[in-house]
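Comments concern the structure below.
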Amino acid sequence: MSTTVPLIVRLLASSVSVAGRAGKIVRDVMSKGELGIVEKGKDDYQTEADRSAQRCIIASLSAQYPKVNIIGEEDSPEDEGEVSSEWLVVDADKEILSIECPSFLQNVKEEDIVIWVDPLDGTSEYTQGALMLKRDPWERWKMYFTHPIISIKWYLSLLQSHYGFLEHVTVLIGISVNEKPVAGVIHQPYFKTLVDGEKKIGRTIWGLQEVGVGGYTPAPPPDSLVITTTRSHSNPIVEKALQVMNATQILRVGGAGYKVLQLLEGVASIYVFASPGCKKWDTCAPEAVLNAAGGKLTDILGNYYKYGASETRPNKTGVLAAVNNDLHTYALNKIPQELKEKLANK
């Protein structure tokens with residue numbers, strides 16, 4: 001890879017390639033049928049796919065950019081032994097290497113960069129999707145009883161929705177410079193499309209500030225107000241924030257990455273989550289991509305999150321995102337001050 005290409009462009013190109021490889025690891029773990037679920041905390045689960053995909057991402061990027069600070073969601077998976085050579089990605093996306101770097105990013109050094117990695121955003125949806133791939137009813141029931149993340153409620157809903165939850169799963173790599181997200185990658189391991197008559201699985205969306213976005217076809221927001229929000233982490237404050245929006249439709253889906261994709265593709269207008277459930281690795285890449293597309297992501301109070309290495313991991317004051325500034329301002333003004341104060345004081 002030519003070192004004459006500015007660092008940020010090279011890093012984004014590498015991240016696109018690495019995200020694709022991590023997505024294949026996610027699919028491979030599911031195809032083997034042993035998810036290796038462990039409970040990190042209340043309603044917080046981790047699978048072998050989370051651990052392995054993160055090891056791939058961190059090892060690959062660290063080998064090429066040793067001075068970049070990389071923060072992943074999972075606890076030190078890089079310390080669990082050597083990473084297989086099959087997981088070490090050294091190539092870079094050639095299309096991205098050819099783009100022109102914004103002037104304000106041309107002289108960025110590795111020490112200025114923090115990368116936030118969510119190797120599998122939407123673990124709940126991933127696990128529930130795995131259940132549906134157990135075509136034999138007895139195998140499904142065995143998986144239900146042996147995997148605590150799956151409740152009977154989700155089991156029944158899966159029987160109705162088939163395999164749709166797997167589209168919610170994303171691999172997220174966010175690149176921040178001086179605490180601000182400037183580039184990001186959102187990879188969907190289970191996105192299906194036809195290319196020249198052949199079925200292709202997986203796609204990668206990327207964004208770079210002042211350059212734009214790639215990997216998908218942008219679409220305008222829907223004619224009516226459609227809100228996207230959490231499907232599994234609701235509470236009274238979350239519901240109140242949704243009610244005041246006067247939306248014609250509320251979509252309840254998994255994963256911050258997938259919610260932002262709904263904004264980018266014209267499925268939803270605004271993403272509202274008035275809760276401290278998200279963390280920096282959930283929002284860094286989506287915020288960077290959304291910003292590059294002309295959108296905006298802040299907390300519920302309208303403040304931008306900082307993505308420096310010393311910042312706390314939780315996004316304590318929720319997430320408010322929209323496809324453009326006008327819709328973001330509308331949503332921000334709709335949320336009552338007392339609700340904002342409740343969330344700020346949690």
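Numbers here are sequence positions counted from 1. Everything numeric in this text was worked out from a predicted model, so none of it was measured.
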Do [X] and [Y] share a hydrophobic cluster (ILVMFWY, side-chain heavy atoms under 4.5 Å, transitive)?
X: Leu172; Y: Tyr305; result: no
X: Leu208; Y: Tyr304; result: no
X: Val182; Y: Trp281; result: no
X: Ile96; Y: Leu105; result: yes
X: Ile71; Y: Tyr65; result: no

Heavy-atom closest pair, residues [X] and [Y]:
X: Ile25; Y: Ala53; result: CG2-N, 4.0 Å
X: Val238; Y: Ala274; result: CG2-O, 3.5 Å
X: Ala22; Y: Val171; result: CB-CG1, 4.1 Å
X: Ala241; Y: Leu339; result: N-CD1, 3.6 Å
X: Ala92; Y: Ser14; result: CB-N, 3.9 Å
X: Lys296; Y: Leu290; result: O-CD2, 3.6 Å

Please tell me if the side chains of [X] and [Y] come closer than 4.5 Å, counting only heavy atoms from C-beta onward.
X: Lys240; Y: Ile237; result: no
X: Ile57; Y: Ile173; result: yes
X: Val211; Y: Glu100; result: no
X: Glu73; Y: Val117; result: no
X: Pro286; Y: Leu261; result: no
X: Tyr190; Y: Val26; result: yes
X: Lys259; Y: Phe273; result: no

Taking side chain to side chain contact (heavy atoms under 4.5 Å, CB included) as the criterion, tell me which of Val319, Ile270, Leu242 meets it with Thr229.
Leu242

Please round to the nearest 0.5 Å and tell me the distance separating atom [atom1] of [X] and atom [atom2] of [Y].
X: Asp50; Y: Leu120; atom1: CG; atom2: CG; answer: 4.5 Å
X: Trp206; Y: Ser15; atom1: CH2; atom2: OG; answer: 12.5 Å
X: Gln188; Y: Thr193; atom1: CD; atom2: OG1; answer: 11.0 Å
X: Thr283; Y: Asp121; atom1: OG1; atom2: CG; answer: 10.0 Å
X: Lys342; Y: Lys340; atom1: NZ; atom2: NZ; answer: 14.5 Å
X: Gln262; Y: Ile227; atom1: CD; atom2: CD1; answer: 11.0 Å

Without swapping roles, check the side chain of [X] against the backbone of [Y] for a donor-acceptor pair under 3.5 Å.
X: Thr204; Y: His187; answer: no
X: Ser269; Y: Val226; answer: yes
X: Lys280; Y: Pro314; answer: yes
X: Asn315; Y: Gly318; answer: no
X: Asn303; Y: Asp299; answer: no
X: Gln106; Y: Pro6; answer: no
X: Asn291; Y: Gln209; answer: no
X: Arg203; Y: Ile201; answer: no
X: Arg313; Y: Lys279; answer: no
X: Trp116; Y: Tyr307; answer: yes

Show the atom names and distances, to 0.1 Å, of all donor-acceptor pairs under 3.5 Å that link a side chain in residues 243-253 to residues at least two apart or in another chain.
| from | atom 1 | to | atom 2 | distance (Å) |
| --- | --- | --- | --- | --- |
| Thr248 | OG1 | Ser224 | OG | 3.1 |
| Thr248 | OG1 | Leu225 | O | 3.0 |
| Arg252 | NH1 | Glu239 | OE2 | 3.1 |
| Arg252 | NH2 | Glu239 | OE1 | 3.0 |

Identify all side-chain donor-acceptor contacts of residues 108-115 below 3.5 Å with residues at least two apart in sequence or on another chain.
| from | atom 1 | to | atom 2 | distance (Å) |
| --- | --- | --- | --- | --- |
| Glu110 | OE1 | Lys67 | N | 2.8 |
| Asp112 | OD2 | Lys109 | N | 3.1 |

Please determine whether the number of non-hydrogen atoms from other residues, nucleotides or ligands lying under 6.0 Å from atom [atom1] of [X] exceeds 12.
X: Asp223; atom1: CG; value: no
X: Asn107; atom1: CG; value: no
X: Glu86; atom1: CD; value: no

